[in-house]
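Working notes for the structure below.
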Amino acid sequence: MTDRFPIIIVQVSDLHLGSQYHIPSLATRVVDEINELAPDAVVVTGDLTDMGFRQEFKAAKRLLSRIRVSRMMVLPGNHDARNVGDMHFEELFGARSNEIAFDGVRIVGLDSSEPDLDTGRVGRERYRWIEERFSEPEEFKIAALHHHLLPVPGTGRERNIVHDAGDLLRVLTNCGCDMVLCGHKHVPNVWRLEEMVVVNAGTACTYRLRGKAKACYNIVEIHESRVKVVLKRPFDAPEVVADFPRATRTVEVPRRAAVSRTEEG
(Lines give C-alpha, C1' and ligand atoms only; values in the text may rest on other atoms or scores of the structure.)
Protein backbone atom coordinates (compact mmCIF):
# COMPACT_ATOMS: atom_id res chain seq x y z
CA MET A 1 0.00 0.00 0.00
CA THR A 2 1.19 3.51 -0.72
CA ASP A 3 2.53 5.84 1.96
CA ARG A 4 0.41 8.63 0.50
CA PHE A 5 -2.88 8.84 2.36
CA PRO A 6 -5.71 9.43 2.06
CA ILE A 7 -6.52 7.95 -1.32
CA ILE A 8 -9.59 9.74 -2.69
CA ILE A 9 -12.12 8.08 -5.00
CA VAL A 10 -15.23 9.88 -6.24
CA GLN A 11 -18.33 7.91 -7.23
CA VAL A 12 -20.78 9.63 -9.57
CA SER A 13 -23.93 7.91 -10.81
CA ASP A 14 -27.14 8.30 -12.80
CA LEU A 15 -26.44 11.40 -14.88
CA HIS A 16 -29.31 10.73 -17.33
CA LEU A 17 -28.20 13.09 -20.05
CA GLY A 18 -31.05 13.58 -22.51
CA SER A 19 -33.73 13.31 -19.83
CA GLN A 20 -36.12 16.16 -19.12
CA TYR A 21 -35.07 15.75 -15.49
CA HIS A 22 -31.35 16.29 -16.14
CA ILE A 23 -30.03 19.56 -14.68
CA PRO A 24 -27.07 20.91 -16.70
CA SER A 25 -26.11 23.47 -14.06
CA LEU A 26 -25.82 20.74 -11.43
CA ALA A 27 -23.76 18.59 -13.79
CA THR A 28 -21.37 21.49 -14.35
CA ARG A 29 -21.15 22.11 -10.61
CA VAL A 30 -20.36 18.44 -9.91
CA VAL A 31 -17.53 18.53 -12.46
CA ASP A 32 -16.14 21.74 -10.95
CA GLU A 33 -16.25 20.31 -7.43
CA ILE A 34 -14.52 17.11 -8.50
CA ASN A 35 -11.79 19.09 -10.25
CA GLU A 36 -11.30 21.19 -7.13
CA LEU A 37 -11.05 18.03 -5.01
CA ALA A 38 -8.51 16.48 -7.41
CA PRO A 39 -9.27 12.82 -6.54
CA ASP A 40 -7.07 9.86 -7.38
CA ALA A 41 -9.85 8.17 -9.36
CA VAL A 42 -13.45 8.70 -10.48
CA VAL A 43 -15.95 5.86 -10.88
CA VAL A 44 -19.16 6.49 -12.84
CA THR A 45 -21.66 3.75 -12.00
CA GLY A 46 -23.99 3.89 -14.95
CA ASP A 47 -27.02 5.58 -16.49
CA LEU A 48 -24.99 8.17 -18.30
CA THR A 49 -27.90 8.54 -20.72
CA ASP A 50 -31.67 8.37 -20.58
CA MET A 51 -32.48 6.31 -23.65
CA GLY A 52 -29.13 5.00 -24.88
CA PHE A 53 -29.10 7.23 -27.98
CA ARG A 54 -25.81 8.19 -29.57
CA GLN A 55 -26.24 11.94 -29.06
CA GLU A 56 -26.84 11.35 -25.36
CA PHE A 57 -23.64 9.32 -25.11
CA LYS A 58 -21.72 12.03 -26.94
CA ALA A 59 -23.05 14.63 -24.49
CA ALA A 60 -21.99 12.38 -21.59
CA LYS A 61 -18.55 12.01 -23.14
CA ARG A 62 -18.17 15.78 -23.40
CA LEU A 63 -19.26 16.25 -19.79
CA LEU A 64 -17.02 13.56 -18.31
CA SER A 65 -14.03 14.62 -20.40
CA ARG A 66 -14.05 17.90 -18.46
CA ILE A 67 -13.09 16.03 -15.29
CA ARG A 68 -9.34 16.39 -14.75
CA VAL A 69 -8.41 12.98 -13.39
CA SER A 70 -5.87 10.41 -14.54
CA ARG A 71 -8.01 7.39 -13.66
CA MET A 72 -11.66 7.14 -14.62
CA MET A 73 -13.89 4.08 -14.76
CA VAL A 74 -17.20 4.39 -16.61
CA LEU A 75 -19.79 1.61 -16.41
CA PRO A 76 -23.12 1.23 -18.24
CA GLY A 77 -26.52 1.21 -16.56
CA ASN A 78 -29.91 -0.08 -17.61
CA HIS A 79 -30.78 3.16 -19.42
CA ASP A 80 -27.53 2.95 -21.36
CA ALA A 81 -28.47 -0.56 -22.54
CA ARG A 82 -31.63 0.69 -24.25
CA ASN A 83 -31.86 0.92 -28.02
CA VAL A 84 -28.60 -1.01 -28.55
CA GLY A 85 -26.83 1.67 -26.55
CA ASP A 86 -24.04 -0.74 -25.63
CA MET A 87 -22.68 -0.23 -29.16
CA HIS A 88 -22.25 3.51 -28.58
CA PHE A 89 -20.96 2.95 -25.04
CA GLU A 90 -18.17 0.66 -26.21
CA GLU A 91 -17.19 3.03 -29.01
CA LEU A 92 -16.99 6.09 -26.75
CA PHE A 93 -16.01 4.63 -23.37
CA GLY A 94 -14.48 1.22 -24.04
CA ALA A 95 -15.13 -2.15 -22.42
CA ARG A 96 -18.30 -2.50 -20.36
CA SER A 97 -16.40 -4.41 -17.63
CA ASN A 98 -12.91 -3.27 -16.70
CA GLU A 99 -10.55 -2.52 -13.81
CA ILE A 100 -8.23 0.08 -12.34
CA ALA A 101 -5.32 -0.74 -10.01
CA PHE A 102 -3.12 1.84 -8.26
CA ASP A 103 -1.43 2.46 -4.91
CA GLY A 104 -2.63 -0.83 -3.40
CA VAL A 105 -6.25 -0.28 -4.50
CA ARG A 106 -8.01 -2.39 -7.12
CA ILE A 107 -11.38 -1.38 -8.57
CA VAL A 108 -13.17 -4.01 -10.63
CA GLY A 109 -16.04 -2.69 -12.72
CA LEU A 110 -18.87 -5.06 -13.65
CA ASP A 111 -21.47 -4.51 -16.34
CA SER A 112 -24.79 -5.49 -14.75
CA SER A 113 -27.01 -4.22 -17.56
CA GLU A 114 -29.24 -6.30 -19.84
CA PRO A 115 -30.48 -5.04 -23.24
CA ASP A 116 -33.75 -3.10 -22.89
CA LEU A 117 -34.38 -4.37 -19.35
CA ASP A 118 -34.38 -2.43 -16.09
CA THR A 119 -33.24 -5.47 -14.12
CA GLY A 120 -29.61 -6.37 -13.61
CA ARG A 121 -27.37 -9.41 -13.73
CA VAL A 122 -23.64 -10.07 -13.47
CA GLY A 123 -23.63 -13.79 -14.30
CA ARG A 124 -21.68 -16.81 -13.19
CA GLU A 125 -19.49 -16.65 -16.30
CA ARG A 126 -17.74 -13.64 -14.74
CA TYR A 127 -17.26 -15.02 -11.23
CA ARG A 128 -13.91 -16.63 -12.04
CA TRP A 129 -12.63 -13.37 -13.50
CA ILE A 130 -13.67 -11.52 -10.32
CA GLU A 131 -11.87 -14.11 -8.18
CA GLU A 132 -8.72 -13.75 -10.26
CA ARG A 133 -8.73 -9.96 -10.12
CA PHE A 134 -9.26 -9.96 -6.35
CA SER A 135 -6.60 -12.59 -5.59
CA GLU A 136 -4.08 -10.22 -3.92
CA PRO A 137 -4.73 -10.23 -0.14
CA GLU A 138 -2.99 -6.92 0.59
CA GLU A 139 -4.99 -4.79 -1.84
CA PHE A 140 -8.03 -2.72 -0.91
CA LYS A 141 -10.66 -4.28 -3.15
CA ILE A 142 -13.59 -2.35 -4.61
CA ALA A 143 -16.27 -3.81 -6.89
CA ALA A 144 -18.41 -1.37 -8.88
CA LEU A 145 -21.62 -1.94 -10.81
CA HIS A 146 -24.76 -0.03 -11.70
CA HIS A 147 -27.55 -2.09 -10.14
CA HIS A 148 -27.95 -2.18 -6.37
CA LEU A 149 -26.64 -5.34 -4.76
CA LEU A 150 -28.78 -4.99 -1.62
CA PRO A 151 -32.25 -3.44 -1.17
CA VAL A 152 -32.12 0.30 -0.52
CA PRO A 153 -34.40 1.85 2.13
CA GLY A 154 -36.81 4.52 0.99
CA THR A 155 -37.10 3.28 -2.59
CA GLY A 156 -40.47 1.56 -2.54
CA ARG A 157 -41.22 -1.94 -3.75
CA GLU A 158 -38.07 -3.94 -4.53
CA ARG A 159 -37.96 -5.07 -8.16
CA ASN A 160 -34.61 -4.39 -9.83
CA ILE A 161 -31.96 -5.84 -7.55
CA VAL A 162 -29.18 -7.85 -9.23
CA HIS A 163 -30.77 -11.21 -10.12
CA ASP A 164 -27.74 -13.20 -8.99
CA ALA A 165 -27.08 -10.99 -5.95
CA GLY A 166 -26.75 -13.91 -3.52
CA ASP A 167 -24.14 -15.75 -5.56
CA LEU A 168 -22.29 -12.52 -6.35
CA LEU A 169 -22.21 -11.57 -2.66
CA ARG A 170 -20.71 -14.96 -1.86
CA VAL A 171 -18.02 -14.51 -4.50
CA LEU A 172 -17.16 -11.01 -3.29
CA THR A 173 -17.02 -11.92 0.40
CA ASN A 174 -14.93 -15.03 -0.35
CA CYS A 175 -12.49 -12.81 -2.24
CA GLY A 176 -12.22 -10.38 0.66
CA CYS A 177 -13.86 -7.52 -1.22
CA ASP A 178 -13.80 -4.43 1.00
CA MET A 179 -16.36 -2.22 -0.73
CA VAL A 180 -19.05 -2.32 -3.41
CA LEU A 181 -20.15 0.83 -5.25
CA CYS A 182 -23.68 0.77 -6.76
CA GLY A 183 -26.16 3.24 -8.26
CA HIS A 184 -29.53 2.81 -9.98
CA LYS A 185 -32.04 3.69 -7.23
CA HIS A 186 -31.18 7.41 -6.94
CA VAL A 187 -31.06 7.15 -3.14
CA PRO A 188 -27.75 7.21 -1.23
CA ASN A 189 -27.23 4.49 1.36
CA VAL A 190 -24.50 2.55 3.14
CA TRP A 191 -24.86 -1.07 4.27
CA ARG A 192 -22.26 -2.92 6.37
CA LEU A 193 -22.28 -6.63 5.55
CA GLU A 194 -19.75 -8.43 7.76
CA GLU A 195 -16.45 -6.75 6.75
CA MET A 196 -17.70 -5.52 3.38
CA VAL A 197 -19.37 -2.13 2.90
CA VAL A 198 -21.96 -1.63 0.17
CA VAL A 199 -22.27 2.03 -0.88
CA ASN A 200 -25.15 3.28 -3.01
CA ALA A 201 -24.98 6.62 -4.80
CA GLY A 202 -27.85 8.96 -5.50
CA THR A 203 -28.37 10.69 -8.82
CA ALA A 204 -25.70 13.34 -9.31
CA CYS A 205 -27.56 15.88 -11.43
CA THR A 206 -31.26 15.16 -12.00
CA TYR A 207 -34.67 15.85 -10.53
CA ARG A 208 -35.45 12.12 -10.53
CA LEU A 209 -35.54 11.98 -6.74
CA ARG A 210 -37.49 10.02 -4.15
CA GLY A 211 -38.91 11.59 -1.01
CA LYS A 212 -36.64 14.29 0.36
CA ALA A 213 -33.47 13.02 -1.30
CA LYS A 214 -31.33 15.57 -3.12
CA ALA A 215 -28.89 15.24 -5.99
CA CYS A 216 -25.56 13.98 -4.65
CA TYR A 217 -22.44 11.93 -5.21
CA ASN A 218 -20.01 10.03 -2.99
CA ILE A 219 -16.42 10.58 -1.93
CA VAL A 220 -14.51 7.59 -0.57
CA GLU A 221 -11.45 8.34 1.57
CA ILE A 222 -9.08 5.42 2.13
CA HIS A 223 -6.77 6.12 5.05
CA GLU A 224 -4.03 3.87 6.40
CA SER A 225 -6.25 2.31 9.05
CA ARG A 226 -9.75 3.68 8.34
CA VAL A 227 -12.16 4.29 5.48
CA LYS A 228 -14.65 7.14 5.26
CA VAL A 229 -17.64 7.55 2.96
CA VAL A 230 -18.61 11.17 2.42
CA LEU A 231 -21.93 12.28 0.93
CA LYS A 232 -21.56 15.42 -1.19
CA ARG A 233 -24.49 17.44 -2.48
CA PRO A 234 -23.60 20.06 -5.10
CA PHE A 235 -23.07 23.48 -3.48
CA ASP A 236 -23.40 22.00 0.06
CA ALA A 237 -20.82 21.01 2.65
CA PRO A 238 -19.65 17.37 2.67
CA GLU A 239 -21.22 14.99 5.18
CA VAL A 240 -19.46 11.92 6.56
CA VAL A 241 -22.00 9.06 6.44
CA ALA A 242 -19.69 6.15 7.30
CA ASP A 243 -16.39 5.87 9.13
CA PHE A 244 -15.01 2.40 9.85
CA PRO A 245 -11.69 0.63 10.41
CA ARG A 246 -10.07 -1.08 7.45
CA ALA A 247 -10.44 -4.84 7.57
CA THR A 248 -7.28 -6.78 8.36
CA ARG A 249 -7.59 -10.27 6.99
CA THR A 250 -5.86 -12.84 4.88
CA VAL A 251 -7.94 -13.93 1.95
CA GLU A 252 -7.84 -17.46 0.62
CA VAL A 253 -8.83 -17.40 -3.04
CA PRO A 254 -11.29 -20.22 -3.80
CA ARG A 255 -9.52 -23.25 -5.22
CA ARG A 256 -11.51 -23.24 -8.43
CA ALA A 257 -10.17 -19.76 -9.28
CA ALA A 258 -6.68 -21.23 -9.62
CA VAL A 259 -7.63 -24.17 -11.84
CA SER A 260 -6.12 -23.94 -15.32
CA ARG A 261 -8.02 -24.56 -18.51
CA THR A 262 -6.04 -27.77 -18.97
CA GLU A 263 -7.05 -29.06 -15.53
CA GLU A 264 -10.67 -28.25 -16.31
CA GLY A 265 -10.46 -30.62 -19.24
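No hydrogens, no waters, no symmetry mates; every other heavy atom, side chains included, goes into these values. Computed from a predicted model, the values in this text were never measured in an experiment.
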Query raised in the report: Can you name the residues that form a side chain to side chain contact (heavy atoms under 4.5 Å, CB included) with R233, not counting sequence neighbours?
Result: K214, C216, L231, D236, E239

Query raised in the report: Less than 4.5 Å apart, any side-chain heavy atom of I222 and any of D178?
Result: no

Query raised in the report: Does the side chain of S97 come under 3.5 Å of the side chain of R126 through a donor N or O and an acceptor N or O?
Result: yes

Report task. Output yes when E91 and R54 qualify as a salt bridge under the 4.0 Å nitrogen-oxygen rule, no when they do not. Result -> yes

Query raised in the report: Quick one: side chain to side chain contact (heavy atoms under 4.5 Å, CB included) partners of R96, sequence neighbours excluded?
Result: P76, D86, F89, E90, D111

Query raised in the report: With sequence neighbours left out, what residues match D32 under salt bridge (charged side-chain N to carboxylate O under 4.0 Å, His left out)?
Result: R66

Report summary line: Across all chains, not counting sequence neighbours, the ring pair (Phe, Tyr, Trp, His ring centres under 6.0 Å) partners of H146 are H184

Query - Listed once per pair and sorted, the ring-ring contact (aromatic ring centres under 6.0 Å, His included) pairs that draw on residues 18-67, sequence neighbours left out - result: none

Query - salt bridge (Lys or Arg N to Asp or Glu O under 4.0 Å) pairs, two or more places apart, involving residues 157-169 - result: D167-R170

Query raised in the report: Any Lys/Arg nitrogen of R29 or E33 sitting under 4.0 Å from an Asp/Glu carboxylate oxygen of the other?
Result: yes

Query raised in the report: Is the number of heavy atoms from other residues, nucleotides or ligands within 6.0 Å of CZ (R210) greater than 12?
Result: yes

**Report entry** Neighbour count >12 (heavy atoms, 6.0 Å) for atom CZ, F235
**Finding:** yes

Query raised in the report: Should we say atom CD of E125 is surrounded by more than 12 heavy atoms from elsewhere, each under 6.0 Å from it?
Result: yes

Requested in this report: Cation-pi check, R226 to F244: give yes when NZ or CZ is under 6.0 Å from the six-membered ring centre and within 45° of the ring axis, no otherwise.
Outcome: no

